[in-house]
Chemist: 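My questions will all concern the structure given below.
Numbered from 1 within each chain, the chains take letters A, B, ... in sequence-line order.
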Protein chains: 2
Amino acid sequence: MSIHPLEFRLISNPNQQEIITSEKDWHNTIILGDCSKVLQKIPSNIVDLIVTSPPYADSRKKTYGGINPDDYVQWFLPISKQMYRVLKADGTLIINIKEKVVNGERHNYVIKLILAMQQQGWLWTEEYIWHKKNSYPGKWPNRFRDAWERCLQFNKQKKFKMYQERVMVPMGDWAKTRLKNLSETDQTRDNSKVESGFGKNVSNWLGRTMVYPTNVLHLATECSNKSHSATFPKSLPAWFIQLFTEPGDTVFDPFLGSGTTAMVAKELGRCYIGIEIKEEYYQGALINIEKLYLIVKIKVSLGLIKHKKLII
Amino acid sequence: MSIHPLEFRLISNPNQQEIITSEKDWHNTIILGDCSKVLQKIPSNIVDLIVTSPPYADSRKKTYGGINPDDYVQWFLPISKQMYRVLKADGTLIINIKEKVVNGERHNYVIKLILAMQQQGWLWTEEYIWHKKNSYPGKWPNRFRDAWERCLQFNKQKKFKMYQERVMVPMGDWAKTRLKNLSETDQTRDNSKVESGFGKNVSNWLGRTMVYPTNVLHLATECSNKSHSATFPKSLPAWFIQLFTEPGDTVFDPFLGSGTTAMVAKELGRCYIGIEIKEEYYQGALINIEKLYLIVKIKVSLGLIKHKKLII
DNA sequence: GTTCCGCATGAATCGATAG
DNA sequence: ACTATCGATTCATGCGGAA
């Protein structure tokens with residue numbers, strides 16, 4: 001069995017009713033369309049993890065999505081309801097979000113969203129903090145730089161899959177650089193991670209005492225990609241994918257953007273499903289993911305990777 | 001004018017109706033009593049900053065306060081209403097709080113409290129994150145150590161007093177160097193800070209590029225002083241007092257505990273008002289603050305501090 | 001006097017056991 | 001079934017005693 005070609009399923013018009021019946025059809029697929037519509041066609045209970053960064057509320061109309069802060073909760077609830085349906089019972093939902101400042105005040109649409117999602121049946125298991133180490137500089141009369149975002153964890157039930165050992169970090173003084181190392185590795189070692197989690201990093205750290213991390217993640221924002229409104233660095237979905245899924249599991253992102261979640265899922269040996277509404281971002285995601293397949297193909301042809309490792 | 005003796009006002013029974021009419025009477029006073037009662041006697045618009053860490057919700061009845069999570073908001077709202085009244089128009093309220101895990105899920109009483117306080121007229125200006133480097137250890141099947149707490153900033157109006165330059169930090173890792181120094185300095189150089197903010201630390205920073213901090217604070221909890229169960233380290237209120245008040249301003253804490261807020265306010269040359277309901281903590285706070293006065297007295301007698309600096 | 005090492009100690013949470 | 005209590009778990013920090 002060799003690397004199968006990409007099978008990207010393009011549903012530009014969701015009403016065309018392309019019938020997809022089996023669960024398998026959705027694996028490793030990204031779809032162009034409005035996720036509130038496309039989600040209705042995805043079978044129930046097929047996703048192990050949802051990692052997503054929905055478009056932030058913004059009163060400016062032209063931006064991506066452009067949902068008004070006051071309408072945000074009502075806009076999001078139908079989508080979260082569908083996410084609840086497609087997620088497996090022991091799966092996890094991670095939402096990366098941060099409220100905007102509106103009229104000098106933090107808007108309350110995020111905390112209202114938490115309450116509304118609890119009404120839908122979601123359990124608000126935990127709130128992780130993403131501490132952005134190098135956020136954009138800036139100073140305002142009333143506030144400092146905003147250097148953190150919420151990563152809200154929701155579950156359908158109290159028992160869910162979690163593999164804590166995978167994200168253990170070196171102890172003590174190395175704690176400072178714990179996730180920085182992890183982040184750097186993500187950027188350099190593409191597919192070695194398919195084999196064994198974070199690959200050689202783990203072996204480097206063996207012999208040193210490993211400890212469990214906390215619910216505060218120190219990750220640098222990626223400064224490289226300026227073209228899109230890139231939401232999170234690859235190390236952010238990587239951390240949650242490692243923590244909440246096994247290789248072969250399915251990771252879903254209804255707001256795929258430039259494809260970060262799908263790329264990381266692929267790199268870590270997970271299946272991915274992604275939806276993106278803007279064709280510009282969708283095309284970028286296609287290219288980014290296709291690159292991954294090409295890189296793997298080249299490495300295999302050079303004998304750098306053993307064949308059997310690639311079959312997903 | 002010499003150092004006036006301590007005038008601690010003991011109101012063990014708030015119904016005794018000790019009449020306090022003038023604003024001045026409340027300066028540098030700590031009161032034993034239920035803050036929801038005592039607050040009603042404090043004049044309006046006399047406080048520049050409230051820094052407080054209310055008792056966290058806890059279903060166990062015995063513990064301090066022991067407010068049930070489901071009753072927390074209704075318990076707190078009368079107090080926040082009084083805090084609104086005593087705070088000056090351009091003053092600030094900082095609440096250090098974190099929701100407990102109840103039944104495997106983060107309870108929503110904190111975010112409900114935010115919404116309810118907005119209904120009272122409070123502006124939710126900002127949410128600072130206190131990143132606790134040494135939080136309580138533990139590993140559980142479904143979560144990691146909780147290493148952060150919320151510091152919610154509320155204001156009465158969009159324009160408020162803020163002195164951002166005072167909390168500027170050396171470029172680089174401001175958390176590790178600056179605030180650790182500050183913590184150590186607080187313990188050793190008590191009143192030198194009265195003169196110029198953080199005192200000699202500033203001179204250490206000369207020559208280094210100073211930058212504004214972010215809304216993420218790295219502070220370690222002060223541990224292993226068996227006598228006190230201080231909720232937050234002195235550097236936490238110190239940071240907000242520096243940021244939101246000038247010397248001579250009044251800092252208020254309705255849940256004084258062992259007196260941390262009052263001690264820091266005193267050390268930084270601000271006036272303090274504190275309320276504590278448990279006599280055990282109240283006595284401890286009395287002792288802690290009295291120590292500060294004694295230290296000042298001794299230093300003056302030794303000629304280590306100039307007299308005029310001490311008049312508050 | 002330094003530096004180093006051992007140890008107690010937390011605003012915790014879960015699961016099991018008991019009423 | 002639901003609530004109350006208890007033991008086990010776990011690591012950054014700062015103190016005291018030792019080298």
Chemist: Let's test your reading of the model: under 3.5 Å, does the base of dA11(C) pair with the side chain of T221(B) as donor and acceptor?
Modeler: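 When only heavy-atom distances are counted, T221(B) does not reach the base of dA11(C) through any donor-acceptor pair under 3.5 Å.
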
Chemist: Just the rounded figure in Å: distance from C1' of dA12(D) to CG of D146(B).
Modeler: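 In whole Å, dA12(D) C1' lies 15 Å from D146(B) CG.
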
Chemist: I need the CZ-C1' distance between R150(B) and dA11(C), as an integer number of Å.
Modeler: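 Roughly 15 Å, once rounded to whole Å.
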
Chemist: Please state whether the rings of Y109(B) and Y72(B) are parallel, tilted or perpendicular, taking 30° and 60° as the class boundaries.
Modeler: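 If you compare the ring of Y109(B) with that of Y72(B), the planes turn out tilted.
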
Chemist: By ring pair (Phe, Tyr, Trp, His ring centres under 6.0 Å), which residues pair with F232(B), not counting sequence neighbours?
Modeler: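 If we apply the ring pair (Phe, Tyr, Trp, His ring centres under 6.0 Å) test to F232(B), skipping adjacent residues, there are no hits.
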
Chemist: Could you tell me whether the side chains of T125(B) and N155(B) share a donor-acceptor contact shorter than 3.5 Å?
Modeler: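 Short answer, yes.
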
Chemist: Could you list, one pair per line, each protein nitrogen or oxygen that sits under 3.5 Å from a nitrogen or oxygen of nucleotides 15-18 of chain C, together with the distance?
Modeler:
{"unit_1": "dG15(C)", "atom_1": "OP1", "unit_2": "K159(A)", "atom_2": "NZ", "d": "3.4"}

Chemist: If you draw the axis of the six-membered ring of Y84(A), does the NZ or CZ of K156(A) fall within 45° of it and under 6.0 Å from the ring centre?
Modeler: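 Judged by the rule (NZ or CZ under 6.0 Å from the ring centre, within 45° of its axis), K156(A) counts as positioned above Y84(A).
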
Chemist: Over 60° means perpendicular and under 30° means parallel, so classify the ring planes of H218(B) and H131(A), tilted if in between.
Modeler: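 Geometry flag for H218(B) against H131(A): tilted rings.
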
Chemist: Taking CD from Q164(A) and P from dC11(D), how many angstroms apart are they, rounded to a whole number?
Modeler: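 Distance, rounded to whole Å: 11 Å.
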
Chemist: Could you provide the dot-bracket string of DNA chain D, using ( ) for intrastrand pairs, [ ] for crossing pairs and | for bases paired to another strand, with Watson-Crick or G-U pairs below 3.5 Å?
Modeler: .||||||||.|||||||||

Chemist: Check the orientation of F255(B) and W75(B). Use parallel for under 30°, tilted for 30 to 60°, and perpendicular for over 60°.
Modeler: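 It falls in the tilted class, 30° to 60°.
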
Chemist: Rounded to whole Å, how long is the line connecting atom CG of D58(B) with atom C1' of dT5(D)?
Modeler: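 From D58(B) CG to dT5(D) C1': 13 Å.
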
Chemist: Within the supplied structure, the quantity of interest is the number of heavy atoms (other residues, nucleotides, ligands) at a distance under 6.0 Å from K159(A) NZ; does it exceed 12?
Modeler: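 12 or below, so no.
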
Chemist: On the 0 to 90° scale, with breaks at 30° and 60°, tag the W148(A)-W148(B) ring pair as parallel, tilted or perpendicular.
Modeler: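 Judged by the thresholds at 30° and 60°, the geometry between W148(A) and W148(B) is tilted.
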
Chemist: Might you work through the side-chain contact (heavy atoms from CB on, under 4.5 Å) test for D90(A) and K88(A), ending with a clear yes or no?
Modeler: CA-CA 5 Å; D90(A) 57 357; K88(A) 291 180 184 173; 3.8 Å; yes

Chemist: R143(B) has an atom CZ; how far is it from atom P of dC11(D), in whole Å?
Modeler: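 My rounded result for the distance is 17 Å.
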
Chemist: Mind checking what makes side-chain contact (heavy atoms from CB on, under 4.5 Å) contact with Y136(B), not counting sequence neighbours?
Modeler: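 For Y136(B) there are no side-chain contact (heavy atoms from CB on, under 4.5 Å) partners, ignoring immediate neighbours.
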
Chemist: With sequence neighbours excluded, what pairs up with L115(B) under the side-chain contact (heavy atoms from CB on, under 4.5 Å) test?
Modeler: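 By the side-chain contact (heavy atoms from CB on, under 4.5 Å) rule, L115(B) matches N108(A), I111(A), K112(A), L115(A), Q118(B).
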
Chemist: In whole angstrom, give the distance that lies between atom CG of N134(B) and atom P of dC7(C).
Modeler: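 Rounded to whole Å, this separation is 20 Å.
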
Chemist: In whole angstroms, how far is the P atom of dG14(D) from the NZ atom of K132(B)?
Modeler: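 Distance, rounded to whole Å: 15 Å.
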
Chemist: Taking only nitrogen or oxygen atoms into account, show me every contact under 3.5 Å that the protein makes with nucleotides 8-10 of chain D, one pair per line with its distance.
Modeler:
{"unit_1": "dT10(D)", "atom_1": "O4'", "unit_2": "G138(B)", "atom_2": "N", "d": "3.4"}

Chemist: For N103(B) and dA4(D), what is the distance between atoms CG and C1' respectively, to the nearest whole Å?
Modeler: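 Roughly 14 Å, once rounded to whole Å.
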
